[in-house]
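First up is the structure itself, then whatever we jot down about it.
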2 protein chains.
Amino acid sequence: MSRARFEKFKQVLRQRQHDMTLLTDQVHKAQNISAMLRTADAVGMAEIHMVQPSRGRLVYHHTAGGSGRFTGTVVHPDIQTGMGVLRDKGFKLYAAHWSDRAMHYREADYTQPFALVMGAEKEGLSDYAAEQADEHLTIPIIGMVESYNVSVAAAIILQEAMHQRQQRGMYDRELDEWDPAVREILFRWMHP
Amino acid sequence: MSRARFEKFKQVLRQRQHDMTLLTDQVHKAQNISAMLRTADAVGMAEIHMVQPSRGRLVYHHTAGGSGRFTGTVVHPDIQTGMGVLRDKGFKLYAAHWSDRAMHYREADYTQPFALVMGAEKEGLSDYAAEQADEHLTIPIIGMVESYNVSVAAAIILQEAMHQRQQRGMYDRELDEWDPAVREILFRWMHP
Ligand SMILES: C[S@@+](CC[C@H](N)C(=O)[O-])C[C@H]1O[C@@H](n2cnc3c(N)ncnc32)[C@H](O)[C@@H]1O
Ligand SMILES: C[S@@+](CC[C@H](N)C(=O)[O-])C[C@H]1O[C@@H](n2cnc3c(N)ncnc32)[C@H](O)[C@@H]1O
């Protein structure tokens, strides 16, 4: 391991946002999950959460653009568990979802702890997730299509989250190299 | 054809942005092209341009989320032709590209006529396209990955373009139903 690579690890780790994550509600296509994992890494997520599709297996490549290895994944058996775990951590649950109570995605506050909940490719968000979400966020559409690709929609919203957090200086943290959690992650990255 | 559907066609057509397009520089994966076509339709593009990959065929589904049929596609044999055609129309050429002369994508002006040039999955933007582009735009990354998925990167930038155009009221146009170009498109949409 070169010195430069070690410094890069520390720089990325320093900017990791432990209070911002993604929760996919039965999204199942490998390329969509891979693209979301890549975006999650790019905006500084330490881990993402996924709900196991009730039909089919959850398959994804940890390799898209080199991501995956650096953003952890947690798989939940159902949406109730996934949302429960995140709510217990104190996260607001923001669902990307078109509804009467939805707000424009740029109007939400992404500087507080939050999890962005994304619906499945065909079925969209489950009724449970829609009911339990604290907010519904929509991305405007001015065309004939009815929705964006799920990984595209996630990226558009997360880019706004990153923007707000950058404005607030939330990526300018010091790294405590003596923190056991930090040492554990650094060790894992260095020894794949 | 129901009255409601006809009205929807007219509303979408009224908001079409004829001075905003996309040019893909040898992007070849079907799912990426389909996702970009879907995003292009969603933000109001009347057509997109693609450069034929030098290896492999250009394959894409016109069906992703129902798009494609409503956003035209123009295929060029090479990037020189593609950029030439768009420049002749008076479009600024904005390349999504990481370089020394790049600016943050939110700093560009998307209210003037422009084409967003996207690089290929592996090779990125060609040298020719990078040299000839009027501006280079980058989307920040705070992680280990080196880039976003190409359809994700296109969507992030186009969402900002749509935002700027909405602020300027550029989607609030009247539709001239007697314009032959408008009648031609309406006819095509009504008779697939
Ligand atoms: C392909 S869409 C699902 C479409 C599905 N037919 C439906 O009716 O919900 C997959 C997911 O992407 C997100 N999404 C797509 N377009 C969106 C938009 N315009 N606003 C907010 N979220 C969107 C939502 O989380 C959605 O559940
Ligand atoms: C997967 S990337 C290409 C990566 C390639 N290895 C390279 O070095 O350029 C495909 C295209 O997406 C766009 N893109 C991806 N990430 C970007 C970013 N952070 N800023 C600007 N454009 C980006 C660019 O147009 C790029 O050519």
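Chain A is the first sequence line, chain B the second, and so forth, proteins listed ahead of strands; every chain is numbered from 1.
- Residues A:V117 and A:I157 fall into different hydrophobic clusters, defined by Ile, Leu, Val, Met, Phe, Trp and Tyr side chains chained together at heavy-atom separations under 4.5 Å.
- Of all heavy-atom pairs between A:Y148 and B:R38, the closest is O-NH2, 3.2 Å.
- Residues A:W189 and A:V182 are members of one and the same hydrophobic cluster, defined by side-chain heavy-atom contacts under 4.5 angstrom among Ile, Leu, Val, Met, Phe, Trp and Tyr.
- When the side chains of ILVMFWY residues are joined at heavy-atom separations under 4.5 Å, either directly or via intervening members, A:L175 and B:M144 end up in a single hydrophobic cluster.
- Looking only at heavy-atom pairs under 4.5 Å with chain A, the residue among B:Q11, B:H163, B:K8 that has the most is B:H163.
- By the neighbour-count criterion of 12 heavy atoms within 6.0 Å, atom CZ of B:R168 is sparsely surrounded, having that number or fewer from other residues, nucleotides or ligands.
- Taken together through direct or relayed side-chain contacts under 4.5 Å among Ile, Leu, Val, Met, Phe, Trp and Tyr, B:I142 and A:M36 form part of one hydrophobic cluster.
- Contact count against chain B (heavy-atom pairs under 4.5 Å) is highest for A:Q166 among A:Q166, A:R16, A:Q17, A:M45.
- Of all heavy-atom pairs between B:V152 and A:S151, the closest is CG2-O, 4.0 Å.
- With a threshold of 4.5 angstrom between heavy atoms, A:Y171 approaches chain B through side-chain atoms but not through N, CA, C or O.
- With a threshold of 4.5 angstrom between heavy atoms, A:L13 does not approach chain B through any atom at all.
- The neighbour count for B:K92 NZ, taken as heavy atoms of other residues, nucleotides or ligands under 6.0 Å away, does not exceed 12.
- Using a 4.5 Å cut-off between heavy atoms, B:R5 touches chain A through its side chain atoms alone.
- Residue A:N32 holds its CG atom at 9.0 Å from CG of B:N149, rounded to the nearest 0.5 Å.
- In terms of heavy-atom pairs under 4.5 angstrom with chain B, the leader among A:E121, A:E160, A:H104 is A:E160.
- Residue B:G143 comes nearest to A:D41 through the heavy atom pair CA-OD1, 3.1 Å, listed as atom of the first residue, atom of the second, then distance.
- Of all non-hydrogen atoms in A:M162 and B:P140, the two that sit nearest each other are CE-O, 2.9 Å.
- There is a path of hydrophobic side-chain contacts, each under 4.5 Å, that joins B:L22 to B:F114.
- Only the side chain of B:I139 comes within less than 4.5 Å of a heavy atom in chain A; its backbone stays farther off.
- Neither the backbone nor the side chain of A:R14 comes within contact range of chain B, judged by heavy atoms closer than 4.5 Å.
- When all heavy atoms are compared, the tightest approach of B:I156 to A:Q159 is CG2-CG, 3.4 Å.
- Contact count versus chain A (heavy atoms, under 4.5 Å) is highest, among B:G44, B:A153, B:A40, B:A155, for B:A155.
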